[in-house]
There are 2 protein chains.
Amino acid sequence: MEIETITDNQKVKVARKLKNMFGHINLKDPTLICPIRDVMALASDKWSILIVLYLGYFPVLRFNELKKNVYGISNKVLSERLKHLEGDGYLKRTMYAEMPVRVEYKLTNFGHSYLQKLIELTEWAQTHKDCVISNRTKFHGSLENQELENQL
Amino acid sequence: MEIETITDNQKVKVARKLKNMFGHINLKDPTLICPIRDVMALASDKWSILIVLYLGYFPVLRFNELKKNVYGISNKVLSERLKHLEGDGYLKRTMYAEMPVRVEYKLTNFGHSYLQKLIELTEWAQTHKDCVISNRTKFHGSLENQELENQL
DNA sequence: ATACCTAGTTACTAAAAGTAACCTATTATT
DNA sequence: AATAATAGGTTACTTTTAGTAACTAGGTAT
């Protein structure tokens, strides 16, 4: 479904940006792209994105509050992701010596700067989700037709 | 390392956007966020991001060209990701009945609209990668110190 | 003594990713 | 006529990662 209206002008701009990014990558040794890969991989997996978004919506969240909001995440993965996100500087963990213990998570300023980019992506996903879903059903439909034809 | 300069004004803007996104989500049943989750999960894994970026840089790529550029990806995962990305409408696969067969992949206009958002994220990652890496080493360093203290 | 609280950890299982050999169809080479 | 090469994958197998559910620490309340 090609309802998108992207001008060639925009495409040219994007191509220029990519040239800046890829231009100084030695295509004979593409491992050099790794730093970005690495940064992206840690914070752009599905759970980390949700954690950061919820910490944008609620300025402070405790472990179990996060678990309730980031629906479907397990203790194990939540605790892992939080450690990584803390380690990379996206969020800060504060422990209060109360009883029972209280632990609070909140975004750092660095985390907020990431959140801004993430929100733009999420907004895009929200406005385009119907397009994706209609594409998907159409594609699967056509796959089934093909299989039927192949059987004849 | 809190070198980021994000104004409270920007934070307020972000909070408002999040309110729009999360506001109509029933927090008692957070599964309703799923469409976005679903869309994001399919196209924001580490390999899909790289595939889309390379198809932004090179307008047309064949299977083995993609494999060379998206360094480290296996046939299996590349073929899987390409099918998913095609199914969701990000790219188009064209097969030419030559011998040996030629198969070309290129972004759709929809894929280009996604690419634009992705580039902004990647640019962010590129400018902030040093920050992440320095955070990370500092964090791991402090963890080791803590372990030493615990042993005493 | 028992149950309860938070913030996790741990042992186990299921799913996903990575590896490497193989397949199909055709042309070129020995 | 057999062998190899090529493009674009697939398949069987192994390793890594994610998910499940039970458990732990340290203290409070019943």
Side-chain angles (χ1 to χ4, degrees), chain A residues 30-31 34 37-38 40-51 54-55 58 60-87 91-106 139 143 146-147 150, chain B residues 30-31 34 37-38 40-51 54-55 58 60-88 91-106 139 143 146-147 149-150:
Chain A
T31 40
C34 268
R37 246 193 224 207
D38 178 39
M40 300 275 284
L42 199 145
S44 81
D45 69 291
K46 63 171 184 164
W47 294 125
S48 299
I49 289 176
L50 288 169
I51 290 170
Y54 274 105
L55 281 174
F58 302 102
V60 176
L61 283 173
R62 298 170 64 175
F63 188 88
N64 283 320
E65 291 172 333
L66 270 165
K67 209 191 150 185
K68 260 175 219 132
N69 283 292
V70 181
Y71 186 79
I73 200 170
S74 67
N75 286 14
K76 185 188 145 203
V77 174
L78 178 55
S79 129
E80 265 171 28
R81 290 292 108 205
L82 286 173
K83 263 181 216 157
H84 281 297
L85 290 171
E86 189 196 357
L91 52 84
K92 190 167 172 1
R93 176 182 182 275
T94 317
M95 197 172 139
Y96 298 90
E98 302 170 0
M99 211 41 72
V101 205
R102 182 160 56 103
V103 178
E104 288 186 347
Y105 293 93
K106 65 178 295 187
F139 186 72
L143 277 187
Q146 246 183 294
E147 275 167 34
N150 291 344
Chain B
T31 40
C34 268
R37 247 193 222 207
D38 179 39
M40 300 274 285
L42 199 144
S44 80
D45 67 290
K46 64 170 183 166
W47 293 125
S48 300
I49 289 177
L50 288 168
I51 291 171
Y54 275 105
L55 282 174
F58 302 102
V60 176
L61 283 173
R62 299 169 65 173
F63 188 88
N64 283 318
E65 291 172 333
L66 271 165
K67 209 192 149 184
K68 260 174 220 134
N69 283 290
V70 181
Y71 186 79
I73 198 168
S74 67
N75 286 14
K76 187 189 145 203
V77 173
L78 177 55
S79 130
E80 266 171 27
R81 291 291 107 205
L82 286 172
K83 263 180 217 156
H84 280 297
L85 289 171
E86 188 197 358
D88 279 11
L91 51 84
K92 192 169 171 356
R93 176 182 182 275
T94 317
M95 197 171 138
Y96 298 90
E98 303 170 359
M99 214 36 75
V101 205
R102 181 160 57 101
V103 178
E104 288 186 347
Y105 293 92
K106 66 178 295 186
F139 186 71
L143 278 187
Q146 247 185 291
E147 274 166 36
E149 281 171 31
N150 290 343

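Since the model is a prediction, treat every value here as computed from it, not as a measurement. In what follows, every chain begins at residue 1, and chains take the letters A, B, ... in the order their sequences are listed.
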Between Val101(A) and Ser79(A), whichever has its closest DNA chain C nucleotide further toward 5' is Val101(A)
If the cut-off is 4.0 Å, is [X] near the phosphate of [N], judged by side-chain N/O to OP1 or OP2?
{"X": "Lys76(B)", "N": "dA21(C)", "result": "no"}
{"X": "Tyr105(B)", "N": "dA7(D)", "result": "no"}
{"X": "Lys83(A)", "N": "dT9(C)", "result": "yes"}
{"X": "Lys46(B)", "N": "dG18(C)", "result": "yes"}
{"X": "Arg93(A)", "N": "dG8(C)", "result": "yes"}
{"X": "Arg62(B)", "N": "dA7(D)", "result": "no"}
{"X": "Asn64(A)", "N": "dA7(C)", "result": "yes"}

What's the closest nucleotide to the side chain of [X] if the choices are [options]?
{"X": "Met99(B)", "options": "dT26(C), dG9(D), dA7(C)", "answer": "dT26(C)"}
{"X": "Ser74(A)", "options": "dG9(D), dT20(D), dT19(C)", "answer": "dT20(D)"}
{"X": "Arg102(A)", "options": "dA7(C), dT10(D), dA17(C)", "answer": "dA7(C)"}
{"X": "Phe63(B)", "options": "dC5(C), dA18(D), dG8(D)", "answer": "dG8(D)"}
{"X": "Asn75(B)", "options": "dA22(D), dA21(C), dA18(D)", "answer": "dA21(C)"}

Measuring only between side-chain heavy atoms, which start at C-beta, is Val70(B) closer than 4.5 Å to Arg81(B)? no
For Lys106(A), is there an ion pair with Glu104(A) - N to carboxylate O distance below 4.0 angstrom? no
